[in-house]
4 protein chains.
Amino acid sequence: MTIQEPVTARPAGRPRSEKAEKAIIEATLDLIGDGMGVAELSIEAIASRAGVGKTTIYRRWSNKEELVADALATLKAPLPPLAGVSVRDDLISLLNAMREDKDRSRTRCVMNVMMSDADRYPALMERFRKVAIEPRKEAMREVLRRGIGTGELRADLDVEMGMAILSGTMIWYTKWASGDLPEDLPERIVDHVLPGLAA
Amino acid sequence: MTIQEPVTARPAGRPRSEKAEKAIIEATLDLIGDGMGVAELSIEAIASRAGVGKTTIYRRWSNKEELVADALATLKAPLPPLAGVSVRDDLISLLNAMREDKDRSRTRCVMNVMMSDADRYPALMERFRKVAIEPRKEAMREVLRRGIGTGELRADLDVEMGMAILSGTMIWYTKWASGDLPEDLPERIVDHVLPGLAA
Amino acid sequence: MTIQEPVTARPAGRPRSEKAEKAIIEATLDLIGDGMGVAELSIEAIASRAGVGKTTIYRRWSNKEELVADALATLKAPLPPLAGVSVRDDLISLLNAMREDKDRSRTRCVMNVMMSDADRYPALMERFRKVAIEPRKEAMREVLRRGIGTGELRADLDVEMGMAILSGTMIWYTKWASGDLPEDLPERIVDHVLPGLAA
Amino acid sequence: MTIQEPVTARPAGRPRSEKAEKAIIEATLDLIGDGMGVAELSIEAIASRAGVGKTTIYRRWSNKEELVADALATLKAPLPPLAGVSVRDDLISLLNAMREDKDRSRTRCVMNVMMSDADRYPALMERFRKVAIEPRKEAMREVLRRGIGTGELRADLDVEMGMAILSGTMIWYTKWASGDLPEDLPERIVDHVLPGLAA
DNA sequence: ACATAATCGAGACGGTACGTCCCGTCTTGTT
DNA sequence: AACAAGACGGGACGTACCGTCTCGATTATGT
């Protein structure tokens with residue numbers, strides 16, 4: 001009688017260092033958070049800051065995109081708590097969360113990459129969409145669906161379209177408005193958009 | 001009575017070749033149009049394709065950003081002709097123009113860069129905003145103002161906000177929707193947004 | 001009792017390739033042998049002919065001088081066999097060796113550089129002196145000392161001066177005589193000089 | 001009856017500026033005197049130091065060699081006055097002149113170029129030989145011939161060979177001796193060589 | 001006096017090579 | 001087998017000069 005084998009057989013040799021892996025991802029996020037675009041990121045800079053050989057990076061990720069995708073994936077999108085009382089208040093909370101991200105050093109990575117490197121690195125975007133964008137979209141969809149249920153929004157509302165309008169407008173300001181964003185921007189957006197979506 | 005001398009006298013030495021300048025900008029746009037991002041662009045590739053020495057580029061532009069900005073600045077944004085009958089139709093035309101640009105090889109440059117390289121190269125964006133984005137924004141503002149005048153839109157409408165909602169939504173789809181954009185997307189956006197802006 | 005560790009431990013990382021080093025030096029000598037002066041030598045040409053990246057050259061030598069010095073240092077001066085019978089015959093052999101070097105393709109490097117680039121690149125010269133000039137000087141000194149011992153040369157002869165006279169005269173002809181050197185030049189030099197040095 | 005034409009008709013147009021020509025040659029000699037080898041000399045540096053356009057240089061000389069040759073040709077070889085009493089004293093004077101040149105800033109050009117750039121630029125050397133080397137050789141030949149006449153030197157002396165021995169030895173020390181040259185070097189050379197040439 | 005014409009300075013032109021940086025791969029000895 | 005260290009061939013960077021080529025301005029001569 002033999003000892004029970006583990007389900008996935010452990011390969012021979014020294015196991016990969018979790019410490020190295022973490023250091024690499026930390027270094028990557030640090031550099032992105034410092035304002036570096038994906039294209040400017042150099043593997044050598046990451047390896048150096050992580051105190052790691054380049055091989056240790058290439059062994060895990062075959063290119064920069066995948067490394068960045070994994071790095072960003074570790075940043076759970078921290079959604080704001082929603083009061084759940086009125087659709088209007090919850091939407092304002094969600095839009096506010098998008099704005100505030102711009103100033104938080106680590107979570108800023110998400111915005112940095114989403115805004116800058118989106119369609120240059122499609123594979124990155126695909127993975128990134130799942131962990132960072134979809135949860136936010138889903139939260140907003142949820143609010144909109146609830147609004148339809150409570151009758152605050154019209155029954156034939158295209159939920160996807162509603163989300164696009166609200167998020168797209170917020171991003172437009174984030175990206176192309178001159179000067180700082182006004183404090184009450186989310187409120188004003190919702191008040192302009194909501195009447196068109198209401199019953 | 002003598003003729004007034006021009007304020008800025010012609011500088012000494014051989015004047016810079018307009019031909020070379022054009023060739024450089026053509027080459028730059030060709031490469032961007034071929035799908036190359038600003039980061040992937042190499043000055044050597046531009047010089048080679050333009051049949052020009054690297055010096056001739058560096059003499060005029062001190063870095064890639066400024067070259068790309070000038071190159072894009074030569075692409076006048078070709079606004080669609082507006083029927084001027086109804087606000088709804090004109091807005092649909094303008095949104096359609098944003099989408100169609102993605103497929104026209106040369107003008108595609110504008111979208112390529114605007115979408116990908118915007119905030120990695122802020123100086124680029126600043127110059128680019130003036131020649132490519134502002135005219136489109138102004139055209140849309142004009143339509144909205146006309147709508148207020150004719151009573152199609154409510155009198156207290158925030159024109160800037162209206163523009164942000166329409167353009168932002170369109171860009172949201174362009175960038176983050178999965179799959180191709182539906183033929184009637186501009187129409188559907190306008191129909192979801194307009195009721196909120198109407199009188 | 002343990003074995004003594006070597007004083008300088010092997011440095012970390014992949015060791016430098018001896019093959020590359022050899023290829024670089026071969027390429028350098030080839031190009032010099034083809035009549036190229038040190039100033040005309042381009043690192044890129046060497047790298048290309050050696051099938052090597054420029055970095056691999058700069059990693060080893062910080063400038064052309066040092067590379068050329070090392071390259072020439074690999075060319076051991078092939079001294080002619082000396083009969084050892086009479087001082088006169090041996091001196092003629094040594095002078096002949098200086099002349100013949102001019103025509104052998106690889107060893108020609110030595111003369112090329114010694115004659116052309118000597119005091120433009122003093123560091124080069126210093127290293128080169130040790131491996132290429134000194135052995136020849138020493139051989140000639142040896143012959144002269146032997147001559148003093150056998151009484152063929154006068155006892156108070158300044159060996160260094162004797163060497164300078166013989167070599168200097170030969171080089172003078174090599175460098176500034178018009179036309180080809182006569183076959184019996186070494187013989188004639190020795191016959192003009194030796195009487196002054198003889199007992 | 002017509003006015004007497006000058007022998008060489010003056011061509012139409014603005015005549016070449018002698019001032020520019022002088023400035024160019026001065027600048028060239030300055031740079032060579034500052035220790036710059038012919039290969040390191042850049043036309044642009046000469047033009048800049050002379051306050052002259054590059055065209056003005058290329059109009060007169062088709063390459064660096066010819067410019068340097070002409071520049072050096074303006075430096076008349078300043079031969080030492082010879083006492084004419086004994087062959088020994090005159091030869092010592094001539095050898096001393098070779099050594100002293102090394103320290104005089106402008107005349108140093110002659111040595112610099114003769115020693116360093118001789119056979120890399122054969123055309124240069126050819127012209128240079130005429131104005132700088134030949135007069136010195138001729139002076140030495142003259143002394144040797146006089147010595148044959150007075151019976152101080154043997155009648156069958158090869159004058160050319162005598163010259164080669166004396167000059168070659170001196171240059172050998174100049175070039176390859178370590179440390180400074182001893183004050184009495186010319187004297188010692190002559191005393192080692194002369195017995196072999198004497199009657 | 002005025003047109004003609006070669007030369008002047010300045011500096012742009014298409015090139016070549018420089019020495020540096022980083023790429024992604026590869027080889028070391030050690031863990 | 002994975003690790004850090006670091007060398008490898010390669011490609012682009014931005015700079016310095018090359019020798020050639022315009023420019024407008026200058027300076028002579030021949031009408």
Side-chain angles (χ1 to χ4, degrees), chain A residues 10-17 19-21 40-45 47-48 50-60 62-64, chain B residues 9-17 19-21 23 40-48 50-60 62-64, chain C residues 9-17 19-21 23 40-48 50-60 62-64, chain D residues 9-17 19-21 40-48 50-60 62-64:
Chain A
R10 163 93 82 113
R14 173 173 172 180
R16 294 190 179 170
S17 152
K19 210 179 75 179
E21 192 141 344
E40 278 84 4
L41 265 185
S42 94
I43 295 285
E44 293 200 342
S48 159
V52 140
K54 284 196 288 179
T55 329
T56 306
I57 297 180
Y58 284 113
R59 193 174 292 118
R60 291 166 165 76
S62 61
N63 55 55
K64 219 170 15 183
Chain B
R10 200 171 158 311
R14 175 174 174 179
R16 297 193 177 166
S17 153
K19 211 179 77 180
E21 193 140 344
E40 279 83 7
L41 264 186
S42 93
I43 297 284
E44 296 204 336
I46 295 173
S48 159
V52 141
K54 281 196 287 179
T55 329
T56 305
I57 296 181
Y58 284 113
R59 196 175 287 121
R60 292 165 164 74
S62 59
N63 53 56
K64 232 179 343 192
Chain C
R10 198 172 159 312
R14 174 174 175 179
R16 297 194 176 164
S17 154
K19 211 180 75 181
E21 194 140 343
E40 280 83 6
L41 263 187
S42 93
I43 296 284
E44 295 204 338
I46 295 172
S48 158
V52 140
K54 281 196 288 179
T55 328
T56 304
I57 297 181
Y58 284 112
R59 197 175 288 123
R60 292 166 165 74
S62 59
N63 54 55
K64 233 179 341 191
Chain D
R10 163 92 83 116
R14 175 175 175 176
R16 295 193 178 168
S17 153
K19 210 180 75 180
E21 194 140 343
E40 279 83 5
L41 264 186
S42 93
I43 296 286
E44 294 203 340
I46 295 171
S48 159
V52 139
K54 283 196 289 179
T55 329
T56 306
I57 297 180
Y58 283 113
R59 194 175 292 117
R60 290 166 165 76
S62 60
N63 55 55
K64 219 167 18 180

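Every chain is numbered from 1, with letters handed out A, B, ... down the list of sequences.
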For [X] against [Y], the heavy-atom pair lying closest together:
| X | Y | value |
| --- | --- | --- |
| Thr56(D) | Ala20(D) | CG2-CB, 4.1 Å |
| Ala23(B) | Ala50(B) | O-CB, 3.5 Å |
| Lys64(C) | Leu41(C) | NZ-O, 3.2 Å |
| Ile46(B) | Ile57(B) | CG2-CD1, 3.9 Å |

- Query: To the nearest angstrom, how far is Lys19(B) atom NZ from dA12(E) atom P?
  - Reply: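 Roughly 18 Å, once rounded to whole Å.
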- Message: Whole angstroms only, please: what is the CD1-C1' distance between Ile46(D) and dC18(F)?
- Response: 13 Å
- Item | Set of side chain to side chain contact (heavy atoms under 4.5 Å, CB included) partners for Ser42(D), sequence neighbours left out |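 Only Glu44(D), Ala45(D) meet the side chain to side chain contact (heavy atoms under 4.5 Å, CB included) criterion with Ser42(D).
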- Message: Nearest 0.5 Å, please: how far is CZ in Arg59(C) from CZ in Arg16(C)?
- Response: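 Nearest 0.5 Å value for the CZ-CZ distance: 6.5 Å.
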- Message: Does a side-chain N or O of Arg59(B) approach OP1 or OP2 of dC13(E) to a distance below 4.0 Å, or not?
- Response: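 It does, given that an N or O in the side chain of Arg59(B) lies less than 4.0 Å from OP1 or OP2 of dC13(E).
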- Is Arg16(D) near enough to dT26(F) that one of its side-chain N or O atoms lies under 4.0 angstrom from OP1 or OP2? no
- Pick the nucleotide of DNA chain E nearest each of Thr56(B) and Thr55(C); which residue has the one closer to the 5' end?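 So the residue in question is Thr56(B).
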- Of Arg14(C) and Ile57(B), the one whose nearest nucleotide on DNA chain E sits closer to the 5' end is Ile57(B)
Sort me out a list of protein N/O and nucleotides 17-19 of chain E N/O pairs below 3.5 Å, or just none if empty.
unit_1, atom_1, unit_2, atom_2, d
dC18(E), OP1, Ile43(C), N, 2.3
dC18(E), OP2, Ile43(C), N, 3.3
dC18(E), OP2, Glu44(C), N, 2.6
dG19(E), OP2, Tyr58(C), OH, 2.2
dG19(E), O5', Tyr58(C), OH, 3.2
dG19(E), N7, Lys54(C), NZ, 2.9
dG19(E), O6, Lys54(C), NZ, 2.8

